[in-house]
Amino acid sequence: NIDSNFQFILFGGTGDLAHNKIIPAFYNLVARDILTNKYTIIATGRRYKNKNEYLAALYKSLKNKKKKIDSKHWKKLASHLEYFQLSFKNEADFKKLENHLVQKDKTEKISERIFYLATAPKFFAEIAKKLDKFNLLNAGFKTNNSKLVIEKPFGHDFKSAQKLNNTLSKIFSEKNIFRIDHYLGKEMIQNIMVIRLSNPIFRALWNKEHIDNIQIYLNESEGVKDRGKYYDDTGVIKDMFQNHILQILSLITMEEPENLSAAEISQKKVEVFKELADNDLSNIDEHIVRGQYSSNIIENKNSKKSIKAYREEKEIDPNSKTATFMALKLFLNNQRWQDVPIYLKSGKRLNKKEAAIAIEFKDDFHAAYTEDQKLSSNILLIKIQPEEGVSLRFNTRKPASNNKIVPVEMEFCQSCQQFFNSPENYEGLIYDMIAGDKTLFTSWEEVSYSWKFIDKIQKKCQEQKIKLHSYPAQTGGPKAADKLLEADNRIWQDKK
Ligand code: BG6
């Protein structure tokens, strides 16, 4: 349980993120009795005039999200919530906030402040500078321990990320900057290290001698929704690869950490990011497939639904060349993984939402069994969502046959367990930021090398004029992405 007397100051308190993720996560923490009675959440925003208006709006969002709201928990949370009307363009508002914090601290001895910027990223630097200028980190009490929490994207390339980091690190120390990658809050992502390191059967085989290839796919069925403006400048490469996919890749391929401290794990991940950044990408044209969704009509028995093309979506340039899909094959040039292909893929408007990591083991069968039949490889599938779980494919004798061998799957469905209710991504992240545990947050080094890698891919794609394939919305993505694996005699595990 969290027993600290923290102040959680939420910028962008009236925005989507606060309504749909942050406040619901606090509600769950209250419902699970994890927070004690001492904290305050000060949500700032322009939209509402007073706390009652704000609470009414929050309640409505929570109601949309949850089937049932327990009024006891809601009242408890509401009693810890304050609303402070503030425009981050207006310096006088920051001055008022400073006075407010000083006054509050006279009555409530607070232990720390957490500034959460749930705003558009272009305001991060500006808000951080104002926090400093108006002494909000220290107002009312002396500390150099105030924390800053920011969402992705952290910059839009290496240079802008570095500039932002320089600004932030003059105000907050690295240990107090919490960069969120909400994928790290997902149950099965937190399970990767456990599966890898606490099971000798996997740990012993986690290398190029035994693993044939690694696949990571984060398939989405939704389009860009109302985020066209942001997405058209970003595309799948910066929206999903630079952060979520590369983070997963680093956890799967990093060397074993000596201990489980956040610093040690981050160091091991950084080694992977460095190697990626050193990747020469010389034949990227053979290893990358970029795509953009086109319109489609989906006919069911009783209905016919037309789906817009990306270029017809709200706030998207009608000639946009932004990729909404990307598949990439790459190698890590190190002892553990040399020559093991790693296939990555993510896209919007694919036929179903499905995210998983597939580890395919080498065909190292006893020759006696492969004389007259082709055996299936062993596959470990870590299912991230919508189902959370693990499956393992292995070979068995077909019953009542003459030694015919068939593959079967052993399944562990975590999200199907009745006693188990997966916490939401943000619950754990909020808990950890209050507790000061940085394991599930990305360090500046990780971010900086991942940007170097992404910048390099972007540059190569431009230089080599990599084609943008079109794929009909709500299908399996460009055919070229399947061919990428077929050329290696492999298939995507989501297509089997
Ligand atoms: C976000 C991206 O980081 O992740 C979105 O900006 C994407 O475009 C989302 O839809 C996917 O997250 P999840 O948790 O729904 O898989």
Side-chain angles (χ1 to χ4, degrees), residues 12 15-22 24-25 28 64-65 117-122 124 149-156 161 178-192 216-249 251 291-293 307 310 313-316 320 322-326 344-357 382-389 414-415 422-430 440-442 446-447 450-451 454 473-474 477 494:
D16 278 359
L17 186 64
H19 277 253
N20 296 323
K21 302 277 188 193
I22 302 170
N28 291 350
N64 280 339
K65 215 176 143 66
L117 310 192
T119 63
K122 63 178 175 202
F124 291 167
V149 185
I150 43 180
E151 290 279 333
K152 68 161 254 276
F154 194 87
H156 50 86
F178 289 72
R179 298 176 195 82
I180 289 195
D181 182 316
H182 78 282
Y183 264 68
L184 297 182
K186 292 189 190 285
E187 277 294 318
M188 293 312 293
I189 305 289
Q190 294 185 55
N191 223 332
I192 293 174
I216 302 172
Y217 43 88
L218 307 185
N219 303 342
E220 299 193 84
S221 58
E222 299 274 6
V224 287
K225 299 202 235 169
D226 50 3
R227 293 162 76 226
K229 214 170 158 126
Y230 151 79
Y231 196 87
D232 212 26
D233 287 336
T234 313
V236 66
I237 185 167
K238 297 184 189 179
D239 190 49
M240 298 295 282
F241 276 72
Q242 183 268 335
N243 33 67
H244 312 320
I245 287 206
L246 294 188
Q247 281 293 327
I248 298 173
L249 173 65
L251 287 166
Q292 187 189 72
Y293 59 86
I307 303 173
Y310 174 71
E313 302 261 25
K314 212 166 72 192
E315 297 187 295
I316 303 289
S320 173
T322 300
T324 59
F325 174 97
M326 189 168 107
L344 311 173
K345 142 168 116 163
S346 180
K348 293 225 180 265
R349 280 276 185 246
L350 296 175
N351 43 7
K352 64 175 190 236
K353 181 175 168 97
E354 182 181 13
I357 304 155
I382 302 178
K383 301 177 191 181
I384 303 167
Q385 64 187 26
E387 186 188 317
E388 290 169 358
Q414 175 159 300
S415 45
S422 247
E424 304 228 5
N425 311 165
Y426 276 74
E427 260 174 79
L429 295 175
I430 288 177
L440 301 181
F441 298 85
T442 56
E446 292 168 42
V447 173
S450 66
W451 271 125
I454 295 296
Q474 242 65 63
D494 59 340

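Both counts, for ligands and for their atoms, begin at 1 and track the order of listing.
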> What do you reckon, does Tyr183 put a non-hydrogen atom under 4.0 Å from ligand 1?
Replying inline: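 The answer is yes, since Tyr183 has a heavy atom less than 4.0 Å from ligand 1.
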Numbered atoms of ligand 1 (with element) below 4.0 Å of [X], judged on heavy atoms:
X: Gln385; answer: 13 (P), 16 (O)
X: Lys348; answer: 5 (C), 7 (C), 8 (O), 10 (O)
X: His244; answer: 1 (C), 3 (O), 4 (O)

> To the nearest 0.5 Å, what is the distance between CG (Asp232) and OG1 (Thr322)?
Replying inline: 4.0 Å
> For the atom pair OH (Tyr231) and CG (Asp226), what is the distance rounded to the nearest 0.5 Å?
Replying inline: 14.5 Å
>> Using modelled atom types and a 3.5 Å cut-off, is there a donor and acceptor pairing between side-chain atoms of Gln247 and backbone atoms of Ile189?
In response: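 No: the side chain of Gln247 does not pair with the backbone of Ile189.
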>> Minimum heavy-atom separation for Met188 and Ile384, please, with both atom names.
In response: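 The answer is CB-CA, 4.0 Å.
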Among all protein non-hydrogen atoms, which one is nearest to [atom], and what is the separation to 0.1 Å?
atom: atom 7 (C) of ligand 1; answer: Glu220 OE1, 3.4 Å
atom: atom 12 (O) of ligand 1; answer: His182 NE2, 3.1 Å
atom: atom 14 (O) of ligand 1; answer: Lys186 NZ, 2.6 Å
atom: atom 8 (O) of ligand 1; answer: Asp239 OD2, 2.5 Å
atom: atom 15 (O) of ligand 1; answer: Lys353 NZ, 3.1 Å

>> So for ligand 1, is Lys152 a polar contact partner (N or O within less than 3.5 Å, distance only)?
In response: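 Yes: some nitrogen or oxygen of Lys152 is under 3.5 Å from one in ligand 1.
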>> Are any of the N/O atoms on Asn425, whether in the backbone or the side chain, positioned under 3.5 angstrom from an N/O atom of ligand 1?
In response: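 Checking ligand 1 against Asn425, no N or O pair falls under 3.5 Å apart.
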> Run the side chain to side chain donor-acceptor pair (under 3.5 Å) check on Asn28 and Glu427 step by step: do they pass?
Replying inline: CA-CA 7 Å; Asn28 291 350; Glu427 260 174 79; 2.9 Å; yes
> Between Tyr426 and His182, what is the ring plane arrangement, given parallel below 30°, perpendicular above 60°, and tilted in between?
Replying inline: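 Rings of Tyr426 and His182: parallel, as their planes differ by under 30°.
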>> side-chain contact (heavy atoms from CB on, under 4.5 Å) for Glu388 and Asn191? Distances and angles first, verdict last.
In response: CA-CA 10 Å; Glu388 290 169 358; Asn191 223 332; over 6 Å; no
>> I want to confirm something. Looking only at heavy atoms, which of Lys238, Arg227, Lys225 is nearest to atom 5 (C) of ligand 1?
In response: Arg227
> Does Asp16 pair with Lys21 as a salt bridge, N-O distance under 4.0 Å?
Replying inline: no
